[in-house]
Amino acid sequence: MAFDDAAARAALRRLFDAAVAAADPRVVLARHLPERPSGRVLVLGAGKSAAVMAAAVEAAWPDADLSGLVVTRYGHGHATTRIEVAEASHPVPDEAGARAAQRMLDLAAAAGPQDLVLFLVSGGGSSLTTLPAPGLSLPDLIAVNKALLASGATIHEMNCIRRHLSAFSGGRLAAAAHPARVVTLAISDVPGDDPTVIASGPTVPDPSTFAEARALVAHYRMALPAAVTAHLAAGAEESPKPGDPRLGTPDYRFIATPQMALEAAAAAARTLGLAPLILGDALEGEAREVGTVLAGIALSARTHGHPLPAPCVLLSGGETTVTIRAETPGRGGRNGECLLGCTLGLAGAAGVWALMGDTDGIDGSEENAGAIAAPDTLARARAAGLDPRALLSGHDSHRLFSALGDLVTTGPTLTNVNDFRAILVA
């Protein structure tokens with residue numbers, strides 16, 4: 001198949017849609033459900049996919065004794081009949097999320113030994129269940145969250161700190177539900193699919209310590225509220241650790257992961273005559289720098305036929321980070337920043353297109369999932385009076401791709417397996 005601009009753009013969007021579809025709870029959740037219990041089923045959940053996951057449970061078990069509460073991001077709700085859906089703020093937490101987290105703890109504590117607690121977890125769960133540990137306030141944790149998002153810390157490092165400031169995460173929900181059976185169904189949005197990191201691990205033991213959290217705060221030179229600093233220094237109430245009898249052996253089931261989504265995109269690529277290469281599902285690093293590296297790999301494929309000859313597509317997932325350096329940063333999420341770094345690295349190379357986006361449909365806090373770059377992106381930007389390098393330095397990628405009409409806008413997809421990146425070499 002020959003790839004002109006229209007065909008390349010259509011192909012990239014088809015791959016993105018295939019990746020998202022592979023993580024749709026309405027399609028994949030039912031096959032992962034446990035056997036029905038003799039008692040009632042209490043459904044709890046948190047994340048951008050929590051509402052649609054709850055609806056999928058209701059559809060799979062139409063006559064079960066279901067009740068419960070899940071919390072999702074504003075605008076990510078879905079109709080349910082037996083399970084209550086609350087909405088709260090993400091990525092900056094609010095009182096609605098704190099109330100939902102406390103209600104879920106109370107519901108879990110009332111579960112009996114014959115009951116099943118089904119916890120539905122997906123990306124965004126940490127912010128949506130921000131419940132301060134004793135002695136801390138929600139404004140304290142909001143300040144921490146803002147500092148984390150601007151620090152350049154990885155998601156693993158962020159959630160280590162969050163677990164030690166929370167009354168909900170780090171195994172505390174499962175501890176509250178003891179002696180009920182707890183089964184977790186998870187959509188992974190983190191590199192490595194680490195259960196302790198997804199929504200900060202409310203139902204699994206936390207192997208990290210207060211000392212590690214303090215070391216991370218020091219390493220990234222975070223300025224945190226005095227109460228938070230004192231809480232971390234005291235280290236008085238550690239999270240449940242491996243071997244804690246209240247948690248037993250966690251029953252933790254992945255219903256969708258970044259690798260599954262990439263494999264679906266690779267299968268779609270083959271039908272288009274593109275040889276796919278999955279570079280990895282857990283790529284991390286500074287967004288613009290990851291973009292530069294990916295550009296170099298694409299140029300090697302185009303010029304030398306390595307790591308594979310054209311026509312091909314380079315696929316990758318994971319979660320990059322953005323360290324805010326500009327005093328007044330512009331608009332744009334990590335995928336837009338990664339794509340702009342990649343575009344500058346490609347320097348207008350012929351026959352190379354790229355799409356980068358967040359599978360939840362929202363890149364950072366913007367309305368777009370991501371964007372597409374073409375061989376003429378830099379030329380069109382400069383013709384429009386835009387300076388791509390200056391916009392990258394100012395974290396203003398949204399301005400560039402919006403001006404060119406190259407944003408990818410899906411609306412909330414109601415799933416989240418993190419970043420999706422595809423570079424098509426024709």
Q | Considering all heavy atoms, the nearest A18-A265 contact | A | CB-CA, 4.3 Å
Q) Of the non-hydrogen atoms in E284 and T154, which two are nearest, and what is the gap between them? A) OE2-CB, 3.6 Å
Q: Report, as yes or no, whether the 6.0 Å neighbourhood of atom NZ on K241 holds more than 12 heavy atoms from other residues, nucleotides or ligands.
A: yes
**Q.** E337 versus H395, side-chain donor and acceptor atoms under 3.5 Å
**A.** yes
Q) With distance as the sole criterion, is a donor-acceptor pair present between the side chains of T377 and T343 under 3.5 Å? A) no
Q) Salt bridge or not for R331 and E366, using N-O below 4.0 Å? A) yes
Q. Say you draw a straight line from OG1 of T359 to CG of D17; how long is it, rounded to the nearest 0.5 Å?
A. 12.0 Å
Q) Do D251 and R181 meet the salt-bridge criterion of a basic N to acidic O distance under 4.0 Å? A) yes
Q: May I ask you to say whether R334 pairs ionically with D358, meaning some side-chain N is under 4.0 Å from a carboxylate O?
A: yes
Q) Could you give the distance from CG (L116) to CG (D65), rounded to the nearest 0.5 Å? A) 11.5 Å
Q | Minimum heavy-atom distance P34-L118, with the two atoms named | A | CD-CD1, 4.2 Å
Q: Report yes if the side chains of L294 and L314 come closer than 4.5 Å at any heavy-atom pair, otherwise no.
A: no
Q) Would one find more than 12 heavy atoms of other residues, nucleotides or ligands at under 6.0 Å from atom CZ of R82? A) yes
**Q.** Exercise: do S169 and S200 side chains pair donor with acceptor under 3.5 Å
**A.** no
(Q) What I'd like to find out is whether the side chain of L141 reaches to under 4.5 Å of the side chain of L136, using heavy atoms alone. (A) yes
Q: Decide whether N368 and D363 meet the rule of one side-chain donor and one side-chain acceptor closer than 3.5 Å.
A: no
Q. Do R325 and E286 meet the salt-bridge criterion of a basic N to acidic O distance under 4.0 Å?
A. yes
(Q) Quick one about D94 and Y74 (side-chain donor to acceptor, distance below 3.5 Å, no hydrogens or angles considered), yes or no? (A) yes
Q: Evaluate whether atom CD of Q102 has more than 12 neighbouring non-hydrogen atoms of other residues, nucleotides or ligands under 6.0 angstrom away.
A: yes
Q | Sole candidate of L33, V121, V28, V43 that passes side chain to side chain contact (heavy atoms under 4.5 Å, CB included) when paired with L185 | A | L33
Q.
Do the side chains of E157 and R162 get close enough for a salt bridge, i.e. N-O under 4.0 angstrom?
A. no
Q) What residue pairs, at least two apart or across chains, pass ring-ring contact (aromatic ring centres under 6.0 Å, His included) with a residue in residues 155-194? A) H164-F210
Q.
Between D63 and R36, does any NZ, NE, NH1 or NH2 come within less than 4.0 Å of an OD or OE carboxylate oxygen?
A. yes
Q. Which atoms form the tightest heavy-atom contact between A143 and P225, and what is the distance?
A. CB-CG, 3.8 Å
Q: Give the minimum heavy-atom separation between W61 and L66, together with the two atoms involved.
A: O-CD1, 3.9 Å
Q. Between E238 and S208, what is the shortest heavy-atom contact and its length?
A. OE1-O, 3.9 Å
